[in-house]
Amino acid sequence: MGGLKKGAWGARFGIGIVIGALTTTAGMAAAAPAFAVDSGSVAGSAYYASPSGSGDTCSDTEPCALQSAIDYTATGGEIRLLPGDYGVQKLKSKAAIRGAVTIKPLTPDTVVFGQLLTYVPGVTWTGVAVNGTTYVYPPATGTRLRDIHVSGGGTFIRSTDVGVYDSLFEGGHSIDGIQVKDSSRVTLERNVIRDFDQNGSSGLHADCVQVFDSNSVTVRANSISNCYNAGIIVSGGGGVGVDGLLIESNFIQGCVVRSSDCEVGTVIDARLDISQDVVIRNNMLLNGPVRIASTPGASFDRNVIDYLSSCDSAITNSIVARWNTGMCATPDAIGSNGNRVGTVEVVDAAAGDLHVVDIAQVSINPSGGVPAARDFDGQAMRGELAGADDPEGAGPARPPVGGGSGGGVDVPSTPSDQTGPTVAILDGESVDWSLASTDPVSLSVEANDDSGVTSVRLAWGRFSAPLDEGEDGIWSLSAPITGVPEGTYEVVAVARDSNGNVSISEPISVSVGP
């Protein structure tokens with residue numbers, strides 16, 4: 001999948017709320033000047049930093065400050081952190097784009113940050129602890145967070161090609177565990193995200209994972225539990241929506257025990273009506289309600305569901321234990337499309353171990369659908385099973401989380417085409433739409449891309465409208481407007497190409513009146 005273009009619209013309105021990841025177009029991904037390697041810097045060499053480091057030697061006996069080490073280290077180099085508390089680090093780079101650099105403790109489990117705020121691209125952070133906020137800013141493309149431990153704060157991703165692996169996030173207050181916004185090609189894999197309560201002073205609700213205004217986000221093989229509001233939530237953000245979200249092979253729990261620390265406890269909330277291509281498959285979804293909606297390109301397949309909140313939810317090949325009996329005697333989907341009623345016993349729900357005790361309890365007679373390739377442990381997943389665990393699967397065991405030893409770095413797949421379509425609304429800076437008229441309103445958008453534009457839609461507030469393709473890259477809206485409250489809206493066009501790259505037009509002002 002591809003990258004996000006967030007032009008003057010995002011800058012003007014300072015959007016910064018929930019989950020998802022928009023792609024970056026040529027404007028953000030354009031090549032920058034080559035990194036100017038300082039005298040003495042050699043590609044592949046190691047530099048040393050310490051909390052009290054100074055100077056420019058950066059050796060193990062004369063370490064420098066971390067920012068200095070970053071300035072000196074060339075592509076393929078490594079920065080080794082001497083033990084200590086590095087406090088709040090706000091790190092920048094001399095170049096917009098540079099090859100991979102690894103930053104890791106010299107000795108495992110000896111390095112802590114108060115906050116880790118990075119603008120530096122191409123860095124793999126591994127084996128460090130952060131006792132507060134972690135923030136990946138837009139310039140920090142290609143960031144990897146591997147085997148880190150974040151406690152007492154949130155992790156905020158605002159960039160492109162970001163991977164978070166084998167890490168532990170816990171114990172925040174009125175803050176999200178991981179929040180993805182205005183981002184593209186983000187992968188969260190094999191992490192533990194847990195215990196984010198509502199006991200802070202910010203007034204914000206706490207979710208384990210929140211995604212908004214983003215595209216091409218993958219949430220795979222994570223253990224997620226005990227967050228006050230939701231395990232995973234797809235939110236409205238700035239009204240752009242989420243394009244391309246894959247949630248697969250996870251253990252996800254709401255509130256294992258309800259208390260003042262964990263009260264709402266929704267397992268998944270994916271009801272955002274302006275999202276598209278949201279795929280939720282082969283997950284264990286326990287200890288709370290599952291809230292989903294039929295959005296364009298959505299698929300909810302092969303999941304084990306403790307409680308389905310809506311009787312008309314479109315699900316396939318899934319096992320449902322309970323549902324909202326106040327709404328219906330039996331959900332519409334039960335008994336068709338491979339769905340059935342059933343209870344699944346797991347090893348230890350209180351401890352977050354949702355491995356299956358009896359394989360027969362997750363066996364299904366599938367009706368179509370595409371299963372996840374691997375289960376929670378990385379073992380081959382068979383299509384005739386629901387949930388995230390194949391007890392008899394073959395494959396490598398899941399690696400430990402939080403060991404402090406670093407290791408190899410997984411890299412989100414990066415397509416050769418990372419440039420989004422060109423897209424512009426052709427109807428000037430403002431238009432008027434009438435609710436009273438039954439005549440269709442009209443609006444035209446020009447969208448072009450070398451690989452082909454596959455869809456264009458308008459987005460405003462919580463509303464979205466698909467456009468019809470015409471000739472010469474012109475897409476048009478021609479339909480009556482209903483269900484939209486009177487008012488003035490900032491409307492953008494969102495275009496996607498065949499490689500998943502998404503671009504956003506400059507906004508126009510639309511007045512909706514009687």
Side-chain angles (χ1 to χ4, degrees), residues 38 40-42 44-94 98 100-137 139-140 142-157 162-173 175 177-178 191-192 195 400-409:
D38 290 77
S41 178
V42 179
S45 60
Y47 288 80
Y48 294 80
S50 76
S52 59
S54 61
D56 57 9
T57 302
C58 300
S59 68
D60 55 346
T61 56
E62 296 182 62
C64 59
L66 177 53
Q67 180 65 70
S68 297
I70 289 172
D71 293 341
Y72 299 144
T73 305
T75 297
E78 184 174 280
I79 297 174
R80 299 171 184 173
L81 303 176
L82 275 63
D85 186 342
Y86 285 72
V88 175
Q89 292 282 339
K90 188 172 185 179
L91 303 164
K92 299 193 176 181
S93 176
K94 288 184 176 180
R98 171 179 56 182
V101 171
T102 298
I103 300 178
K104 62 189 295 186
L106 178 63
T107 305
D109 303 320
T110 60
V111 170
V112 64
F113 293 87
Q115 293 184 25
L116 179 56
L117 315 174
T118 178
Y119 293 79
V120 187
V123 171
T124 294
W125 297 87
T126 183
V128 303
V130 183
N131 293 335
T133 299
T134 302
Y135 211 111
V136 181
Y137 286 91
T143 292
R144 306 287 179 265
L145 304 177
R146 172 74 178 232
D147 191 25
I148 72 169
H149 181 191
V150 178
S151 61
T155 295
F156 300 89
I157 297 173
V162 176
V164 183
Y165 306 100
D166 304 313
S167 297
L168 174 60
F169 303 85
E170 62 180 348
H173 311 293
I175 200 167
I178 299 178
N191 304 289
V192 175
D195 302 328
V401 170
S405 59
V409 176

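As the structure is a prediction and not an experimental result, all values here were calculated from the model.
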>> If you apply the rule side chain to side chain contact (heavy atoms under 4.5 Å, CB included), what do you find for Ile70 with Ile79, and how did you get there?
In response: CA-CA 8 Å; Ile70 289 172; Ile79 297 174; 3.7 Å; yes
Could you tell me whether the side chain of [Y] reaches within less than 4.5 Å of the side chain of [X], counting heavy atoms only?
X      : Y      : answer
Tyr137 : Leu117 : yes
Thr155 : Tyr135 : no
Leu82  : Val111 : no
Ile157 : Ile178 : yes
His149 : Glu170 : yes

> Without hydrogens or angle criteria, can the side chains of Thr126 and Asp147 be said to hold a donor-acceptor pair below 3.5 Å?
Replying inline: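 Note: Thr126 and Asp147 side chains miss the donor-acceptor criterion.
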Heavy-atom closest contact ([X] atom, [Y] atom, distance):
X      : Y      : result
Ile175 : Gly153 : CG2-C, 4.2 Å
Val120 : Leu91  : CG2-O, 3.6 Å
Cys64  : Gly55  : CB-O, 3.4 Å
Gly171 : His173 : O-NE2, 3.6 Å
Pro139 : Tyr119 : CB-O, 3.5 Å
Val130 : Gln115 : CG1-CA, 4.1 Å

>> side chain to side chain contact (heavy atoms under 4.5 Å, CB included) for Thr124 and Ile103? Distances and angles first, verdict last.
In response: CA-CA 6 Å; Thr124 294; Ile103 300 178; over 6 Å; no
> So Gln89 and Leu66, side chain to side chain contact (heavy atoms under 4.5 Å, CB included) or not? Walk me through it.
Replying inline: CA-CA 8 Å; Gln89 292 282 339; Leu66 177 53; 4.2 Å; yes
Any donor and acceptor pair, going by atom type alone, linking the side chain of [X] with main-chain N or O of [Y] inside 3.5 Å?
X      : Y      : value
Asn131 : Gly114 : no
Asp71  : Ser93  : no
Gln67  : Lys92  : yes
Ser50  : Gly53  : yes
Ser59  : Thr57  : no

> Taking the six-membered ring for Trp, are Phe113 and Trp125 parallel (under 30°), tilted (30 to 60°) or perpendicular (over 60°)?
Replying inline: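 Phe113 and Trp125: perpendicular rings.
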> What distance separates Glu78 CD from Leu106 CG, expressed to the nearest 0.5 Å?
Replying inline: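 Those atoms lie 9.5 Å apart.
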> Could you give the distance from OG (Ser167) to CD1 (Ile148), rounded to the nearest 0.5 Å?
Replying inline: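 It comes to 4.5 Å.
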> Are Val128 and Leu81 close enough, and set up right, to give a side chain to side chain contact (heavy atoms under 4.5 Å, CB included), and what steps lead you there?
Replying inline: CA-CA 9 Å; Val128 303; Leu81 303 176; 4.1 Å; yes
>> Taking ring pair (Phe, Tyr, Trp, His ring centres under 6.0 Å) as the definition, give me every residue that meets it alongside Tyr48, ordered by chain and number, with sequence neighbours left out.
In response: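 For Tyr48 there are no ring pair (Phe, Tyr, Trp, His ring centres under 6.0 Å) partners, ignoring immediate neighbours.
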